[in-house]
Amino acid sequence: MNVLQFTDNGIYCPAGDFYIDPWKPVKRAVITHAHSDHARWGNQYYLCENASVPLLRLRLGNDIQVQGIAYGETIFFNGVKVSLHPAGHIIGSAQIRVEQDGEVWVASGDYKLENDGLSAPFEPVRCHTFITESTFGLPIYRWPKQQQIFDGITQWIYENQQAGKASVLLAYSLGKAQRLLYHLKDKVDHFLAHGAIAIPHEVLLQEGWPLPPVERITPDTPKTAFKNAVIIAPPSAEDNVWMRRFQPYSLGICSGWMQVRGNMRRRNADAGFVLSDHADWAGLLEAVTATGAEQVYATHGFSSVFARYLTEKGIAAKEVTTSYGDEEIINNPES
Ligand SMILES: [Zn+2]
Ligand SMILES: [Zn+2]
């Protein structure tokens, strides 16, 4: 039984008449997390995990109709049972479990297995069919432990300060930026941030997340404030006049793509930190195995490689095309 189907509008549940992360406007959307390729504008009703509600409102406007539920809470659509389970990707991120007549499908959204200290840690959910992301579905992607990465970042900041330079860290504004702030808060006295990071940061502070204060950079921020400073900026700020005011500075990029050395050189970074909010190859395999699923659909990322590997291992897997992107720095040859 196809509890979920892949349609032109997105992942659809015909019996429950709702979509998961639809990429075209629909009546009822169940949202895995607040990243823009998953939580799109124009749906009539949104359902998401409680912690995602203020992030969805921030991104899509205060007038959206959104209902929040807790992890593990159950809601029924025409008798189809729906519940949300931690995906460990960013604050509020959820896997969507859908059960119809005893048949269980789970759509993962984006996920990672390592506990980042802020997102509710990933929980495997037993199911018959698992729809998994595969952003880093190649065996070359193996993440070091995050403590090792944060130690490296701390050391790099220290060396920059010894050399009289600011440290500019490029990190995606929702997820990666908070993870950096959370893990560096005892090592760094003062953070400055681009507005794209400072705005969601304000919302999260109001919601009570344990994050350090951040000074928002404005055109009035004096140049003296940047001396030896730690600055967090979104990837879009790179190659931008906005960065010039920080000189002298050193540029560090935080992304899973930094595992491939050429990506760092291509981006003119002084340092690449392999920090990802997605599962690496081993994490994807571990997650898929833990579901016990007999059928797997691999979406965005290296879906064909990953699906082929699973098939060779005896799990019926197929690649499906979706409109989800990659919120990490895009690995395109032009950049
Ligand atoms: Zn995401
Ligand atoms: Zn995604």
Side-chain angles (χ1 to χ4, degrees), residues 4 6 9-11 19-24 29-41 43 46 48-49 51-56 58-60 71 84-96 106-116 118-123 130-138 141 143 146 170-180 196-197 200 203-204 234-236 254-257 275-281 283-284 287-288 296-307 319-332:
L4 297 174
F6 299 95
N9 294 332
I11 301 170
Y19 287 83
I20 296 172
D21 294 351
W23 47 84
K24 285 185 188 161
V30 180
I31 301 294
T32 60
H33 65 291
H35 279 152
S36 54
D37 55 328
H38 292 263
R40 293 182 195 241
W41 188 84
N43 300 303
Y46 293 84
C48 62
E49 205 280 326
S52 274
V53 172
L55 298 172
L56 245 62
L58 176 69
R59 196 143 257 180
L60 304 172
Y71 292 119
L84 273 48
H85 304 269
H89 173 57
I90 61 166
I91 286 172
S93 65
Q95 308 175 71
I96 316 294
V106 170
S108 75
D110 295 339
Y111 64 90
K112 72 171 174 296
L113 274 59
E114 191 171 32
N115 180 356
D116 65 18
L118 288 169
S119 321
F122 177 88
E123 280 175 19
F130 187 46
I131 303 170
T132 181
E133 65 132 321
S134 54
T135 307
F136 290 103
L138 281 185
Y141 293 108
W143 310 148
Q146 65 184 346
L170 293 187
Y172 192 72
S173 56
L174 189 55
K176 203 76 60 71
Q178 292 81 47
R179 199 175 168 194
L180 278 178
I197 285 159
V203 172
L204 292 167
S236 58
C254 305
S255 166
W257 301 118
L275 187 69
S276 178
D277 284 333
H278 292 268
D280 63 2
W281 171 257
L284 290 169
V288 167
V296 172
Y297 291 98
T299 66
H300 58 326
F302 293 102
S303 46
S304 64
V305 177
F306 190 53
E319 170 191 12
V320 279
T321 308
T322 57
S323 288
Y324 308 128
D326 163 37
E327 73 281 347
E328 297 216 7
I329 295 165
I330 309 274
N331 187 25
N332 75 47

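Residue numbers start at 1 and run along the sequence shown. Each ligand, and each atom within it, is numbered from 1 in the order the structure gives.
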| request: Give the C-alpha distance, both sets of side-chain angles, the deciding distance and a yes or no for side-chain hydrogen bond (donor to acceptor under 3.5 Å, both in side chains) between T132 and Y111. | output: CA-CA 9 Å; T132 181; Y111 64 90; 2.8 Å; yes
| query | Below 2.8 Å, any N, O or S contact between H278 and the Zn ion (ligand 2)? | reply | no
| Is there an N/O/S atom in H38 that lies less than 2.8 Å from the Zn ion (ligand 2)? | yes
| Test item: D110 and D277 side chains (from C-beta on) under 4.5 Å apart, heavy atoms | no
| message | Which atom name would you report as the N, O or S atom of D110 nearest the Zn ion (ligand 1)? | response | OD2
| request: Of all N, O or S atoms in H35, identify the one at the shortest distance from the Zn ion (ligand 1). | output: ND1
| query | N/O/S atom of D277 under 2.8 Å from the Zn ion (ligand 1), yes or no? | reply | no
| message | Would you say that P200 contacts L58 through its side chain, given a criterion of any heavy-atom pair below 4.5 Å between the two side chains? | response | yes
| note | For NE2 in H89 and NE2 in H33, the angle at the Zn ion (ligand 1) (nearest 10°) is 100°
| query | What residue among K112, E133, H89 forms side-chain hydrogen bond (donor to acceptor under 3.5 Å, both in side chains) with H278? | reply | E133
| Positive for ring-ring contact (aromatic ring centres under 6.0 Å, His included) with F136, one of F302, W257, W281 | W257
